[in-house]
Chemist: 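The structure's right below; bear with me while I get my questions together.
Here the structure is a predicted model, which is why all the values come from computation and not from measurement. All values below were derived from every heavy atom in this structure, side-chain atoms included, with hydrogens, water molecules and symmetry-related copies excluded. Numbering starts at 1 and runs along the sequence shown.
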Amino acid sequence: VASALPMLAVALARATHAKNLTYINCVGAVDPDIQAASPTSVDPRLLERCEGRITLPDMFDLARRGGIDLMFFGAAQVDALGRTNLTCIGDFARPKVKLPGPAGSTSMRPYVPKIVIIVPRHSPRSLTERVDFATTVASSRNRDTTVITDLALFRLRGGRLGLVSRSAGVPAEQVRARTGFTLDGDGEAAPGPTRDEMRALERLDPGGIRHRMV
């Protein structure tokens, strides 16, 4: 919820191919003016330069009514079925690690058509065959569920995550070795960012916050 990566992705999309999108920020800012990336997407200063404000209850209602087209999520674990874990590592009654909790993701994910789950550090611990606790699960209303890591892009197909593409220069063997579930196929080698995208990224993130988070 508080990651700068989704906010930077939205700002990049607006600066390139999706100039008319409406961004609803988790701090309650509607279309905040993002001059540059900050360490958190819930910086209250975003409320000072935005087109409008929305309360959290209204945001939940908007999602349930189908008014949110795409939503970003994070997770400590994502499994082969596209379930996410933000609750605990280990048994729920006696966890090894207590995680931050769902932060509304359990209530909102079932109603949003397009889901993007960001995993900044691809490893067998973060991409596992089965999550320790299913905080969110896919629903019939989720038309498109995508998982993006620092190594690859996955998409939920037939109820299971499949490898779509690999980041530039990343071999399929590396993706397999750092994924905790079996993959079918090697995926395609994804192209790097375009010149326009790189120019926008450098303008929006001059301090390189994205490099510290990935």
Side-chain angles (χ1 to χ4, degrees), residues 1-43 45-47 49-54 59 62-63 65-75 78 82 84 105 108-109 111-120 122 138 141-157 161-170 175 187-214:
V1 170
S3 172
L5 292 176
M7 184 169 61
L8 184 57
V10 169
L12 175 62
R14 179 181 285 160
T16 52
H17 68 277
K19 299 183 185 302
N20 295 321
L21 66 81
T22 297
Y23 174 37
I24 303 175
N25 187 278
C26 284
V27 78
V30 178
D31 275 340
D33 181 17
I34 303 169
Q35 297 292 331
S38 62
T40 175
S41 63
V42 291
D43 188 333
R45 288 175 295 182
L46 292 169
L47 293 167
R49 50 180 195 275
C50 61
E51 295 297 320
R53 298 184 181 186
I54 186 171
M59 195 184 302
L62 184 63
R65 295 198 307 269
I68 296 178
D69 302 304
L70 182 151
M71 190 167 178
F72 290 92
F73 293 90
V78 182
T84 68
S105 60
M108 298 184 77
R109 179 179 178 180
Y111 299 97
V112 178
K114 294 183 179 181
I115 301 298
V116 178
I117 303 168
I118 296 179
V119 180
H122 192 135
R141 296 194 187 188
N142 303 147
R143 296 198 303 267
D144 186 359
T145 296
T146 301
V147 177
I148 301 174
T149 79
D150 55 331
L151 298 183
L153 184 149
F154 300 83
R155 190 157 284 132
L156 200 60
R157 297 167 171 165
L161 286 178
L163 178 60
V164 176
S165 61
R166 295 169 278 109
S167 298
V170 175
V175 176
E188 299 179 352
T194 65
R195 288 184 179 180
D196 286 344
E197 290 168 341
M198 280 305 304
R199 280 196 290 264
L201 277 172
E202 292 301 329
R203 176 175 57 81
L204 292 165
D205 186 23
I209 288 175
R210 64 191 186 279
H211 299 304
R212 300 200 297 271
M213 301 189 73
V214 175

Chemist: So, do T16 and T194 sit near enough that their side-chain heavy atoms are less than 4.5 Å apart?
Modeler: no
Chemist: So, the side chain of R212 versus the backbone of G207: is there a donor-acceptor pair under 3.5 Å, distance only?
Modeler: yes
Chemist: When rounded to the nearest 0.5 angstrom, what distance separates CG in L151 from NE2 in H122?
Modeler: 5.5 Å
Chemist: Is the shortest side-chain N to carboxylate O distance from R14 to D31 below 4.0 Å?
Modeler: yes
Chemist: With a 4.5 Å cut-off on side-chain heavy atoms, are V27 and D43 touching?
Modeler: no
Chemist: Measuring from atom CZ of R155 to atom CD1 of I148, what distance do you get when rounded to the nearest 0.5 angstrom?
Modeler: 8.5 Å
Chemist: Is the shortest side-chain heavy-atom distance between H17 and D196 below 4.5 Å?
Modeler: no
Chemist: How far apart are the closest heavy atoms of K19 and A15, and which atoms are they?
Modeler: NZ-O, 3.4 Å
Chemist: So how far is it from E197 CD to L204 CG, rounded to the nearest 0.5 Å?
Modeler: 12.0 Å
Chemist: Drop me the distance from T145's OG1 to I115's CD1, to the nearest 0.5 angstrom.
Modeler: 6.0 Å
Chemist: Where do C26 and M59 come nearest, in terms of heavy atoms and distance?
Modeler: CA-CE, 4.2 Å
Chemist: Kindly indicate whether the side chain of M71, heavy atoms from C-beta on, has any atom under 4.5 Å from the side chain of S105.
Modeler: no
Chemist: Would you call I34 and Y23 a side-chain contact if the rule is heavy atoms closer than 4.5 Å?
Modeler: yes
Chemist: Can you measure from CZ (R109) to OG1 (T84) and round to the nearest 0.5 angstrom?
Modeler: 5.5 Å
Chemist: Between F72 and V10, which heavy-atom pair has the shortest distance, and what is it?
Modeler: CE1-CG2, 3.8 Å
Chemist: Looking at P32 and C50, what are the two nearest heavy atoms and their distance?
Modeler: CA-CB, 3.7 Å
Chemist: Which atom pair, heavy atoms only, marks the closest approach of A63 to Y111?
Modeler: O-CB, 3.2 Å
Chemist: Has the side chain of N25 got a donor or acceptor atom that lies under 3.5 Å from a matching backbone atom of S41?
Modeler: yes
Chemist: Mind checking whether E51 and T22 have side chains closer than 4.5 Å, heavy atoms only?
Modeler: no
Chemist: How about V175 and F154: do any of their side-chain heavy atoms sit closer than 4.5 Å?
Modeler: yes
Chemist: Salt bridge (charged side-chain N to carboxylate O under 4.0 Å, His left out) for D69 and K114? Distances and angles first, verdict last.
Modeler: CA-CA 6 Å; D69 302 304; K114 294 183 179 181; over 6 Å; no
Chemist: I need the single residue from L5, I209, I118 that forms a side chain to side chain contact (heavy atoms under 4.5 Å, CB included) with V214. Which is it?
Modeler: L5
Chemist: Is there side-chain contact between V147 and L156, with at least one heavy-atom pair below 4.5 Å?
Modeler: no
Chemist: Please answer whether the main-chain N or O of G187 pairs with a side-chain N or O of R166 as donor and acceptor at a distance below 3.5 Å.
Modeler: yes
Chemist: Between G28 and L47, what is the shortest heavy-atom contact and its length?
Modeler: C-CD2, 3.8 Å
Chemist: Hey, what do you get for CD1 (I54) to CD1 (I24), rounding to the nearest 0.5 Å?
Modeler: 5.0 Å
